[in-house]
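In what follows, chains carry the letters A, B, and so on, assigned in the order in which the sequence lines appear, proteins first and then strands, with residues in each chain numbered from 1.
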2 protein chains.
Amino acid sequence: MGETKDVRRRRKAAPSKGDLREQAILDAAERQLSEDGLDGMTVETIAKAAGITRGALYFYFGSKNDVLAALVERTVSTLHADVTSAADDSTPGEALREGVRQTAQMWREHGTVMRAAIELSPVVPAIDKAWRPAVAAVAVATRNIAEQAGVPAGNGPQEAAALTAALVWMTERSFYQATVTGGSLEDTAATLTHLWLTALRIDA
Amino acid sequence: MGETKDVRRRRKAAPSKGDLREQAILDAAERQLSEDGLDGMTVETIAKAAGITRGALYFYFGSKNDVLAALVERTVSTLHADVTSAADDSTPGEALREGVRQTAQMWREHGTVMRAAIELSPVVPAIDKAWRPAVAAVAVATRNIAEQAGVPAGNGPQEAAALTAALVWMTERSFYQATVTGGSLEDTAATLTHLWLTALRIDA
DNA sequence: GCACAAAGTCTACACACTGTCGAAAAAACT
DNA sequence: AGTTTTTTCGACAGTGTGTAGACTTTGTGC
């Protein structure tokens with residue numbers, strides 16, 4: 001089985017200049033992701049793009065998946081900050097609009113990483129562990145907005161939690177599709193904001 | 001690269017009893033999918049479960065991915081039939097309700113295959129080629145219902161085509177999530193029907 | 001009942017990629 | 001200069017895919 005051993009041999013907490021290499025590796029991975037895509041992206045090619053050999057790369061990361069997971073983590077942490085900050089906007093309607101706008105912007109800047117995260121999340125536990133919480137965090141933020149807007153609070157199938165969860169998945173998936181098929185992110189954003197508002201009966 | 005050669009050496013159109021083997025292979029694959037999941041599902045194990053060796057399996061299918069693709073195709077073809085038949089129901093509202101019901105039922109019966117299709121679709125072109133049209137067909141069916149219910153027709157960001165597309169993705173993703181996390185399909189269905197109806201402003 | 005092809009099956013091999021080991025080189029520290 | 005710690009490398013082993021060619025079974029016309 002391709003299971004990754006639990007035994008780490010990374011360095012403890014060295015402050016050394018090798019940390020730069022770590023970032024360089026992530027940069028190389030992201031660059032290669034945009035240029036060549038997931039296919040043909042092997043540990044060898046990542047290492048070479050970062051100017052080292054495979055063996056050296058395994059000093060910094062325990063596995064190929066760890067590299068991707070770290071990359072996703074790095075990207076996702078900023079999304080989380082953006083969306084939650086949008087939450088305290090004037091009106092609920094404006095908060096939602098802004099949230100969608102932020103998400104679209106994120107896709108514009110880091111689309112390849114987001115895309116890779118979604119595609120690999122189901123298959124790579126390490127990535128799932130980074131991606132799922134990020135989505136969940138967005139769901140929580142929007143649930144608060146929804147409840148503030150008068151959507152019945154609670155965990156029932158037709159109450160705020162479930163409704164916003166489904167809408168967040170819709171958002172994730174729609175932007176993903178737009179990215180994959182080369183569709184317009186602006187149009188997608190317009191569709192999504194419209195659906196969010198009508199689905200939650202905000203600002204008739 | 002794991003590219004599959006275009007050279008086929010399958011048999012032409014033999015009516016022989018070897019066709020049974022072909023089905024047996026798919027059955028074995030589906031069974032193994034439900035029992036062991038995607039991980040550790042190798043050509044070896046599929047072949048063994050079907051009572052043949054790896055080499056023999058490659059006589060029937062050109063690659064491992066071809067096996068999965070065929071399995072998805074077999075499953076998806078029935079979904080398509082179900083949903084389009086639901087389209088000609090009495091009222092638009094009832095048609096949508098029925099559509100969601102049918103989809104839920106599909107997930108109940110073939111959840112593991114659906115799940116595998118979604119997870120592998122981004123990574124395996126052959127599977128994508130089977131899955132994407134199926135989703136698109138459902139989107140078309142629902143778009144017709146929506147337009148019939150008074151949603152402005154057209155391809156603009158806030159018109160029927162785009163709206164139903166996004167909602168279909170929401171449906172796909174929500175059932176998928178429910179399956180993965182072990183959530184209730186009934187509750188998910190309830191949430192989804194509610195969202196479909198309010199998002200399209202049907203039956204206030 | 002038999003030659004001969006087609007359909008079906010097998011074992012063995014080649015190849016790609018991941019992850020591991022232990023030894024060498026570079027840096028940092030004394 | 002001596003020694004430890006960090007970093008790098010080349011070589012190896014394991015696992016899984018797909019391919020090649022030989023061998024067996026099944027059918028079919030004579």
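- Per the geometry, CG belonging to A/D39 stands 16 Å off P belonging to C/dA16, to the nearest Å.
- Residues forming a side-chain hydrogen bond (donor to acceptor under 3.5 Å, both in side chains) with B/R143 (at least two apart in sequence, or on another chain): none.
- The side chain of A/T42 contributes no N or O atom lying less than 4.0 Å from OP1 or OP2 of C/dA16.
- Between the CD atom of B/E22 and the P atom of C/dT9 there is a distance of 12 Å, rounded to whole Å.
- Rounded to an integer number of Å, the gap from CZ of B/R21 to C1' of D/dT26 is 13 Å.
- Closest to the side chain of B/I52, from the set C/dG8, C/dT20, C/dC10, is C/dC10.
- Remark: B/A95 engages B/D89, B/I145 in a side chain to side chain contact (heavy atoms under 4.5 Å, CB included) (not counting sequence neighbours).
- At whole-Å resolution of the value, CZ in B/F59 and C1' in D/dT25 are 12 Å apart.
- A donor-acceptor pair under 3.5 Å is formed between the side chain of A/K64 and the backbone N or O of A/M41.
- Contact check, A/T53 against D/dG10: no side-chain N or O comes under 4.0 Å of OP1 or OP2.
- Remark: the B/R54 side chain and the D/dG18 base include a donor-acceptor N/O pair separated by less than 3.5 Å.
- Here the C1' atom of nucleotide D/dT19 and the NZ atom of B/K64 are 18 Å apart, to the nearest Å.
- Evaluation of the salt bridge (Lys or Arg N to Asp or Glu O under 4.0 Å) rule for B/E119 yields B/R115 as partners, not counting sequence neighbours.
- When rounded to the nearest whole Å, the span between CD of A/E44 and P of D/dG10 equals 10 Å.
- For B/V151, the side chain to side chain contact (heavy atoms under 4.5 Å, CB included) partners two or more places apart in sequence, or in a different chain, are B/A146, B/A160, B/L163, B/L200.
- Here D/dG18 is the nucleotide among C/dT18, D/dG18, C/dT9 with the atom lying nearest to any side-chain atom of B/Y58.
- Atom CD1 in A/I25 sits about 12 Å away from atom C1' in D/dT8, given to the nearest Å.
- Taken residue by residue, residues 26-35 of chain B places no heavy atom nearer than 4.0 Å to DNA chain D.
- A donor and an acceptor atom, one from each side chain of B/W131 and B/E172, are located under 3.5 Å apart.
- With sequence neighbours excluded, the residues that form a side-chain hydrogen bond (donor to acceptor under 3.5 Å, both in side chains) with A/Q105 are A/R108, A/E109.
- B/I46 has its CD1 atom 11 Å from the P atom of D/dG18, to the nearest Å.
- OP1 or OP2 of C/dT9 has at least one side-chain nitrogen or oxygen of B/Y60 nearer than 4.0 Å.
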